[in-house]
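One structure below.
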Amino acid sequence: MTAPRAFRLLGAVLAASVLSGCVSPAFDRGAFHQNAAAAIDSGLGETRTARLAVVALLEHKVTGAFADVVITDSEGALGPIQASFGDVDPPTRPDDTLRDDVLSLLGDAENALAHARIAARRGDESGLRDAQVALQKVGDSLEHAKEQLG
């Protein structure tokens with residue numbers, strides 16, 4: 001895959017995931033669960049996008065500067081996703097656990113993205129390989145949580 005083509009692909013994935021990161025106030029359990037699913041889906045998109053950039057960097061298919069932009073943008077997009085979902089009050093006490101779980105997963109994603117960003121900026125291949133594993137793991141956890149919500 002050429003760098004311009006990779007850039008277009010990653011840009012499209014990033015734009016779609018950022019746009020789907022908006023959540024609305026939850027008036028009932030169904031709405032709250034939809035908000036949780038949207039936040040998880042957005043976090044998953046950002047995590048997978050950054051992982052693609054890390055893999056491409058490790059395979060010398062993109063430059064460090066390109067990977068840094070993609071990873072940094074993904075990391076930056078995660079904060080508003082967390083804030084939007086975190087600002088929604090769970091409608092029932094049992095939904096408190098869902099809120100905590102989603103915010104924890106998004107925090108794990110943010111941490112993995114930060115490690116990827118740092119490794120990319122340093123040109124640290126070992127750190128990038130560790131970040132790739134961490135991004136895959138948190139992505140799998142987000143995917144599982146998404147499946148659980150239906």
Side-chain angles (χ1 to χ4, degrees), residues 1-24 26 31-88 90 95-150:
M1 181 180 301
T2 65
R5 185 169 178 223
F7 179 73
R8 286 191 303 273
L9 173 63
L10 290 173
V13 170
L14 180 62
S17 60
V18 167
L19 291 175
S20 68
C22 300
V23 293
S24 59
F32 186 72
H33 284 234
Q34 287 178 338
N35 287 346
I40 289 168
D41 195 45
S42 295
L44 178 61
E46 297 303 337
T47 302
R48 296 291 194 220
T49 298
R51 185 179 173 280
L52 284 173
V54 169
V55 169
L57 183 58
L58 284 168
E59 294 175 353
H60 306 287
K61 294 181 178 178
V62 298
T63 66
F66 173 81
D68 177 42
V69 168
V70 173
I71 295 164
T72 300
D73 286 352
S74 290
E75 183 183 10
L78 208 56
I81 294 166
Q82 286 177 291
S84 286
F85 182 72
D87 288 345
V88 178
D95 291 320
D96 291 347
T97 301
L98 175 59
R99 179 184 182 278
D100 292 344
D101 291 346
V102 170
L103 290 175
S104 178
L105 284 170
L106 293 174
D108 292 345
E110 187 171 45
N111 192 43
L113 287 164
H115 286 284
R117 173 183 41 80
I118 293 165
R121 288 181 179 173
R122 289 180 180 161
D124 176 4
E125 287 199 22
S126 176
L128 285 166
R129 283 190 293 278
D130 291 344
Q132 178 186 353
V133 170
L135 289 166
Q136 180 67 46
K137 182 178 176 182
V138 75
D140 291 347
S141 295
L142 287 162
E143 186 76 44
H144 180 71
K146 180 180 169 183
E147 290 170 3
Q148 295 294 359
L149 283 172

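Note: hydrogens, waters and symmetry copies are ignored here, and every other heavy atom, side chains too, is used. What you see is a predicted model, and the numbers here were worked out from it, not measured in a lab.
The minimum heavy-atom distance linking A114 with E75 is given by the pair CB-OE2, 3.5 Å. Taking every heavy atom of both residues into account, A36 and V102 meet most closely at CB-CG2, 4.0 Å. Heavy-atom minimum distance, R99 versus F85: CA-CE2, 3.8 Å. Nearest heavy atoms, L128 versus A116: CD2-O, 4.1 Å. Contact record, A53 with A67: O-CB, 4.0 Å, taken as the closest heavy-atom pair. The minimum heavy-atom distance between G43 and L106, with the atom names listed, is CA-CD2, 3.9 Å.
Taking 4.5 Å as the limit, every side-chain heavy atom of K137 sits out of range of all side-chain heavy atoms of Q132. By the 4.5 Å heavy-atom criterion applied to side chains, I81 and L78 are counted as neighbours.
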For this session: Decide yes or no on side chain to side chain contact (heavy atoms under 4.5 Å, CB included) for D130 and D124, but give the supporting numbers first.
Result: CA-CA 10 Å; D130 291 344; D124 176 4; over 6 Å; no
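One finds the OG1 atom of T49 at 10.0 Å from the CG atom of D73 (value rounded to the nearest 0.5 Å). How far CD of E46 is from CG of L135: 11.5 Å, rounded to the nearest 0.5 Å. Between atom CD1 of residue I118 and atom CZ of residue R121 there is a gap of 8.5 Å, rounded to the nearest 0.5 Å. The CD1 atom of I40 sits 10.5 Å away from the OG atom of S141 when rounded to the nearest 0.5 Å. To the nearest 0.5 Å, atoms CD (Q148) and NE2 (H33) are separated by 12.0 Å. Put simply, CG on D108 and CG on L103 are 11.0 Å apart, with the number rounded to the nearest 0.5 Å.
Side chain of S104 to main chain of D100: no donor-acceptor pair is present (N/O by atom type, distance under 3.5 Å, no hydrogens or angles).
Across V62, T63, V70, a single residue satisfies side-chain contact (heavy atoms from CB on, under 4.5 Å) together with L57, and that is V62.
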